[in-house]
Student: 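Mind looking over this structure? Questions follow.
Here the structure is a predicted model, which means the values were calculated and not measured. Ligands are counted one by one from 1 in listed order, and the atoms in each one are counted from 1 as well.
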Amino acid sequence: HCKRLQQRCTFYQPGMEEESARLLNLEKDLLLALEQDQFVFYFQPQWDLREQKIEAFEALVRWEHPQKGLLMPGQFLPLVEQVGLSKELDLLLLEKAVCTLAEWKKQGIHIPIAVNMSPVHFQVDGLKGRIQQLLLKYQVSPAVLELEITENTAMSDMEKGSNYINELQQMGIRVSIDDFGTGYSSLGYLRKMPIDKIKIDRSFVTDMAANDSDMMIVKTMITLAHGLGKRILAEGVETETQLQLLRTLACDAIQGYLLAKPLPEAEALALLNGCTLP
Ligand code: C2E
Ligand code: CA
Ligand code: CA
Ligand code: CA
């Protein structure tokens, strides 16, 4: 028995050391990446089904790692959070978004950018002031900046969350609820908070054609949003069948691979001239 245990230990420990060495290395890389600004945005269009045009771009972060190549958020955001750098990264990305908006403005392009906010940051005091500073510094209108927050973020402290969203809205910034349906199930906050757009989580959209319950959930979310006077967008639309169903249900907007994957800036902007749905 002991022998087996020992074997297990000797087998297990080197692995653990490797893992912590790997994390330590990544953490070092991460600090350098923040300093050297190795993060880039890819942009995915959101399509207005009624107007038949792109209504906004969601900015999705990628890490251009000098050795490892292009890393996806799932490969580094958990680490960023683990080492407590979420706030730093959010601020850096917020500035990047506003700076991009300023460049687009110079080129005569007036299309909103939606930025994802990590949960830890949203409740941190000083975000509003920081956003105001950035908009002033780059001479960008708040009307083209949109913040995406998840239900859990907004709801973790209802009182604070709703005050916050109220103040952002008064500044003229739009706020969307991301991954709707996957977080807290209390719907009261939708009424209390001046949210502009609700984004139906991809998990419901994926199976809506095959699964009656998912279909019913999507339908109900759309009715709910409209009843409360909010716009509703379906995420992760990949097929024409999903698109047709969402059209029938009077969904306002869609986002997903069917229209376009997240793209480098130049390719995303090229979509503005002549992007169409199948
Ligand atoms: P999210 O905000 O829910 O973003 C949507 C994710 O779904 C993106 O993955 C996008 O590439 C992917 N996606 C879009 N359309 C489709 C589709 O039709 N099918 C499928 N299978 N996937 C689709 P991505 O870029 O890997 O980002 C993952 C998550 O990382 C995001 O989920 C968001 O929570 C977080 N994230 C991304 N960028 C940022 C950022 O700049 N800041 C912060 N704080 N979080 C970010
Ligand atoms: Ca998002
Ligand atoms: Ca989402
Ligand atoms: Ca998500």
Student: At a threshold of 3.0 Å, where the distance has to be below it, does the Ca ion (ligand 3) have an N, O or S atom of E148 nearby?
Tutor: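 E148 does not place any N, O or S atom closer than 3.0 Å to the Ca ion (ligand 3).
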Student: Under 3.5 Å, is there a donor-acceptor pair between the K105 and Q139 side chains?
Tutor: no
Student: Quick one, K137 and E95 - any side-chain contact, counting heavy atoms below 4.5 Å?
Tutor: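 When only atoms from C-beta onward are counted, E95 and K137 do touch, with a gap below 4.5 Å.
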Student: Number the atoms of ligand 1 from 1 as they appear, then name those within less than 4.0 Å of a heavy atom of G256, with their elements.
Tutor: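 Those atoms are 15 (N), 18 (O).
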Student: Got D90 and M117 here, is their nearest side-chain heavy-atom distance under 4.5 Å?
Tutor: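 Yes, close enough: below the 4.5 Å cut-off.
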Student: Looking only at side chains, do T150 and D179 share a donor and an acceptor under 3.5 Å apart?
Tutor: no
Student: Could you tell me whether the side chains of Q75 and K68 share a donor-acceptor contact shorter than 3.5 Å?
Tutor: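 Absent: no donor and acceptor within the cut-off.
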Student: Hey, is L93 touching ligand 1 through its side chain, its backbone, both or neither, going by heavy atoms under 4.0 Å?
Tutor: side chain
Student: Apply salt bridge (Lys or Arg N to Asp or Glu O under 4.0 Å) to K197 and E148, showing your working.
Tutor: CA-CA 9 Å; K197 195 192 278 177; E148 293 196 2; over 6 Å; no
Student: Among the N/O/S atoms of D178, which is closest to the Ca ion (ligand 3)? Give the atom name.
Tutor: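 In D178, the N, O or S atom with the shortest distance to the Ca ion (ligand 3) is OD1.
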Student: Find out whether E146 and Q46 are in side-chain contact, i.e. whether some heavy atom of one side chain is under 4.5 Å from a heavy atom of the other.
Tutor: yes
Student: Please list, in number order, the atoms of ligand 1 under 4.0 Å from a heavy atom of F41.
Tutor: 41 (O)
Student: Taking the N/O/S atoms of D179 one by one, which is nearest to the Ca ion (ligand 3)?
Tutor: OD1
Student: Which ligand 1 atoms does D90 reach within 4.0 Å, using its non-hydrogen atoms?
Tutor: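 Near D90, meaning under 4.0 Å from one of its heavy atoms, ligand 1 has 44 (N).
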Student: Do ligand 1 and E148 have nitrogen or oxygen atoms that lie under 3.5 Å from each other?
Tutor: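 No.
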Student: Looking at non-hydrogen atoms alone, which of L71, L77, L89 comes nearest to atom 36 (N) of ligand 1?
Tutor: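 Minimum heavy-atom distance to atom 36 (N) of ligand 1 goes to L77.
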Student: Just so I know, are the side chains of I177 and I149 near enough to count as touching, which here means a heavy-atom distance under 4.5 Å?
Tutor: yes
Student: If hydrogens are left out, which of R202, K261, Q242 has an atom nearest to atom 7 (O) of ligand 1, that is, the closest non-hydrogen atom?
Tutor: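 Looking at heavy atoms only, R202 sits closest to atom 7 (O) of ligand 1.
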Student: Please report the shortest heavy-atom distance between S162 and M193, naming the atom on each side.
Tutor: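 S162 and M193 have their closest heavy atoms at CB-CG, 3.5 Å.
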Student: When you measure from the Ca ion (ligand 3) to the N, O or S atoms of E235, does any of those distances fall below 3.0 Å?
Tutor: yes
Student: Can you tell me the angle formed at the Ca ion (ligand 2) by OE2 of E58 and OD1 of N116, to 10°?
Tutor: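 That angle works out to 90° after rounding to 10°.
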Student: Determine whether the side chain, the backbone, both or neither of K199 has a heavy atom under 4.0 Å from any heavy atom of ligand 1.
Tutor: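 Answer for K199: neither.
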Student: Please name the pair of heavy atoms, one in P45 and one in K261, separated by the smallest distance, quoted to 0.1 Å.
Tutor: CD-O, 4.4 Å
Student: Need the ligand 1 atom indices (1-based, order shown) with element for anything under 4.0 Å from a heavy-atom of P262.
Tutor: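 Result: 11 (O).
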Student: Distance under 4.0 Å to a non-hydrogen atom of E58: what atoms of ligand 1 satisfy this?
Tutor: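 Counting atoms of ligand 1 from 1, those under 4.0 Å from E58 are 2 (O), 4 (O).
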Student: Hey, are the side chains of S141 and H110 touching, using non-hydrogen atoms and a 4.5 Å cut-off?
Tutor: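 Side chain of S141 against side chain of H110, heavy atoms only: no contact under 4.5 Å found.
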Student: Less than 4.5 Å apart, any side-chain heavy atom of V61 and any of K96?
Tutor: no
Student: I want to confirm something. Looking only at heavy atoms, which of E238, Q44, E235, M72 is nearest to atom 20 (C) of ligand 1?
Tutor: E238
Student: Number the atoms of ligand 1 from 1 as they appear, then name those within less than 4.0 Å of a heavy atom of D179, with their elements.
Tutor: 3 (O)
Student: Is F39 in contact with ligand 1, taking contact as a heavy-atom separation below 4.0 Å?
Tutor: no
Student: Please state whether the rings of W104 and F57 are parallel, tilted or perpendicular, taking 30° and 60° as the class boundaries.
Tutor: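 Rings of W104 and F57: perpendicular, as their planes differ by over 60°.
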Student: Considering only heavy atoms of G236, which atoms of ligand 1 have at least one such atom less than 4.0 Å away?
Tutor: 16 (C), 17 (C), 18 (O)
Student: Identify, by atom number and element, the atoms of ligand 1 in contact range of S118, meaning under 4.0 Å from any of its heavy atoms.
Tutor: 44 (N)
Student: Hey, is there an N, O or S on S176 sitting under 3.0 Å from the Ca ion (ligand 2)?
Tutor: no
Student: Is D178 touching ligand 1 with its side chain, its backbone, both, or neither, if touching means heavy atoms under 4.0 Å apart?
Tutor: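 Answer for D178: side chain.
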